[in-house]
Asker: 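First the structure, which I've put down as structure tokens, then a few questions once you've had a look.
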Amino acid sequence: MNDEYKKFWPIKSDTSCYLKWSWSTIYLNRGTTASCHRTVHNHFTAENFDDFHNLPKKLDDRRRMLAGGWPEESETTKWGINGCTYCKHIEDQGGVSDRIVQLQNLGGVLQNHDNAIPPELLSNPDAVEITPTIVEVYFNNVCNMACLYCGPHFSTMWEEENRRFNAQEDGILVNPSWERDRERYYAMRDKLFVWLREHGHKIWNFGMLGGEPFFQEEFDMVLDHWENYPNPNLMLTIVTNLKIEHRRFVKYIDRLKLMVETGKIKTLNISASLDCWGPQAEYLRWGLKLSEWEKNFAYMAPQEWIILNVNLTITPLSIKTLPELIEKINAWDHDRLMRITAKNLKIPPEKFQDFQDKLLQLVEEKTDPRVDVNKHICISFMHVLDPTQMNPLWFGPGVFTEDMQRVVELMPGFTEFQRSFKTYMQGIAISIENTTRDPKKILMLETYMNEMDRRRGTKWSDLFPWLVDQFAQARTELGELGE
Ligand code: SF4
């Protein structure tokens with residue numbers, strides 16, 4: 001591990017984690033919080049809300065890390081993750097964990113955000129009671145889409161569909177009972193805004209996730225908050241499905257632009273979710289209107305003041321049309337960089353067309369410092385673990401080999417961030433090839449898609465004809481196994 005980070009990170013122990021000290025993910029409606037997306041959640045209530053970042057388990061985790069150890073493995077998630085074992089296992093095998101990546105990126109974060117280190121650590125590197133500097137909030141499950149790999153815990157559209165079809169609490173399609181306690185939710189929400197009024201100026205990254213932020217009443221509350229209690233060091237992060245009527249979307253982007261220009265916040269970071277291109281994308285992300293997504297995304301792409309990311313979820317249904325999406329992103333990215341370069345070269349917008357060839361050449365060469373590679377559109381992703389039938393690994397070697405090769409080829413690698421995600425995508429491709437095919441899980445996908453077709457009036461075989469053979473083959477394999 002490159003130990004450049006030691007110049008900036010006050011804690012000297014070998015297992016300390018930037019996220020464990022700085023980050024809180026809050027699920028407001030469930031009353032849980034975690035130090036990152038890889039570890040277990042701790043419960044809290046409206047009564048002890050102010051301690052959400054300093055609950056006994058988190059304090060214990062930090063003390064153990066200060067002493068060079070790892071958090072106690074006291075609870076296990078359904079994916080077998082407990083304590084910080086996700087990172088520990090990777091590091092035990094000589095790999096690069098999230099913990100290491102975050103520490104190595106810290107220098108870059110500090111270049112743009114002087115408040116990235118929690119204030120208590122600046123005066124006492126052994127401090128364990130900490131004010132978080134990164135807070136992301138899942139307010140509730142209000143959402144206008146019902147993606148195939150999601151569920152009622154993140155989507156009211158899923159909840160409504162389950163009610164309509166009388167879904168039983170049978171494992172896959174349960175409704176989240178914790179969503180029903182509105183009183184508790186409103187108490188938690190009030191507490192959050194009170195906490196933000198007092199501590200919001202210490203945060204450098206505030207994220208709003210969903211459900212769908214643009215579809216939730218809390219979105220205006222969040223914007224009102226930062227307008228009334230500005231934090232000129234803040235990056236406001238919004239993770240969105242971009243399902244919002246274009247004119248409304250433009251109004252919000254204008255409002256956010258004004259917030260940046262008037263120093264209410266420092267930057268806007270938008271992460272737009274999409275998994276592949278074409279009707280397959282609309283099947284997977286049920287409720288999506290791809291033309292609307294495209295229009296909203298294309299509106300943002302040339303605006304260099306927005307940090308822009310596309311967030312992909314890798315499933316067996318997305319891989320074959322994922323290359324088309326990456327080609328689209330690359331085209332938007334090219335145009336974006338050309339426009340930014342034109343601005344840096346002081347070429348007036350009306351003369352942009354006249355300089356196209358020259359700009360294209362500069363962007364492809366990337367040697368001129370006025371081609372600002374830090375403004376690239378980023379691509380991030382994860383592959384589905386749950387529901388298990390949407391995990392592409394179960395198809396084993398051969399089914400996605402060429403598609404994944406194409407995806408990896410197309411993924412850009414100009415910046416450190418892009419290169420790390422390209423390597424990660426290569427890792428997923430290798431994992432699929434090295435996984436033993438599981439015909440039972442493959443047939444679970446067939447059952448699931450049949451049920452979705454029954455509910456939604458769709459027909460999967462029209463969009464995924466290759467699956468017809470795959471399901472037939474899985475039935476044969478299962479018969480050969482005598483099951
Ligand atoms: S799982 Fe890894 S990144 Fe998350 S808090 Fe633990 S050590 Fe840090």
Side-chain angles (χ1 to χ4, degrees), residues 1-6 8-27 30 32-44 51-110 116-118 120-121 125-138 203-205 207 209 237 239 311 380-383 385-386 416-417 420-421 423-424 427:
M1 175 178 180
N2 169 351
D3 56 10
E4 268 291 287
Y5 75 90
K6 289 190 175 161
F8 326 107
W9 181 232
I11 305 175
K12 300 301 169 215
S13 93
D14 283 343
T15 52
S16 71
C17 170
Y18 176 61
L19 299 190
K20 182 63 79 186
W21 266 259
S22 310
W23 175 306
S24 257
T25 290
I26 299 174
Y27 284 78
R30 291 183 210 173
T32 68
T33 165
S35 312
C36 72
H37 294 165
R38 310 290 194 186
T39 189
V40 286
H41 284 240
N42 307 132
H43 289 268
F44 67 109
D51 294 333
F52 71 86
H53 193 58
N54 293 303
L55 295 165
K57 175 74 172 76
K58 289 192 180 186
L59 296 182
D60 186 57
D61 290 353
R62 289 181 199 132
R63 285 193 189 104
R64 285 169 191 269
M65 285 176 146
L66 267 183
W70 288 90
E72 190 194 18
E73 301 183 357
S74 54
E75 285 176 86
T76 307
T77 67
K78 59 183 169 178
W79 302 294
I81 294 169
N82 50 21
C84 287
T85 45
Y86 179 86
C87 286
K88 183 175 184 303
H89 284 172
I90 293 175
E91 291 181 34
D92 285 348
Q93 289 162 22
V96 180
S97 68
D98 283 21
R99 187 188 77 84
I100 292 176
V101 170
Q102 295 294 336
L103 282 172
Q104 288 182 336
N105 287 340
L106 188 55
V109 171
L110 280 165
I117 307 273
E120 294 81 358
L121 282 182
D126 291 337
V128 288
E129 293 216 24
I130 296 291
T131 309
T133 58
I134 306 169
V135 175
E136 61 167 32
V137 184
Y138 293 78
I203 299 172
W204 73 268
N205 185 358
L209 304 92
T237 300
V239 179
N311 183 35
S380 62
F381 52 86
M382 54 181 291
H383 83 263
L385 295 173
D386 181 52
E416 197 53 49
F417 184 85
S420 67
F421 272 95
T423 309
Y424 182 20

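This is a predicted model, so every value here is computed, not measured. We number each residue from 1, following the sequence as shown. Counting starts at 1 for both ligands and their atoms, in listed order.
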Asker: Does the Arg38 side chain pair with the main chain of Cys84, one donor and one acceptor, at a distance under 3.5 Å?
Answerer: no
Asker: Give me the one residue out of Ile11, Asp98, Thr133, Asn105 that meets side chain to side chain contact (heavy atoms under 4.5 Å, CB included) with Tyr18.
Answerer: Thr133
Asker: Only heavy atoms of Met65, strictly under 4.0 Å: list the atoms of ligand 1 that pass.
Answerer: 7 (S)
Asker: Backbone, side chain, both or neither: what part of Glu91 comes under 4.0 angstrom of ligand 1, heavy atoms only?
Answerer: neither
Asker: Quick one: does Ser24's side chain get under 4.5 Å of Lys58's, heavy atoms only?
Answerer: yes
Asker: Identify which one of Arg63, Lys57, Arg64 satisfies the salt bridge (charged side-chain N to carboxylate O under 4.0 Å, His left out) criterion when paired with Asp60.
Answerer: Arg64
Asker: Everything protein-side that's N, O or S and under 2.8 Å from atom 6 (Fe) of ligand 1: list it, residue and atom.
Answerer: Cys84 SG
Asker: Would you call the rings of Phe381 and Tyr424 parallel, tilted or perpendicular if under 30° counts as parallel and over 60° as perpendicular?
Answerer: parallel
Asker: Could you label the plane-to-plane angle of the Phe44 and Phe52 rings as parallel, tilted or perpendicular, counting under 30° as parallel and over 60° as perpendicular?
Answerer: tilted
Asker: Would you say the side-chain atoms of Thr39 and Lys20 include a donor-acceptor pair closer than 3.5 Å?
Answerer: no
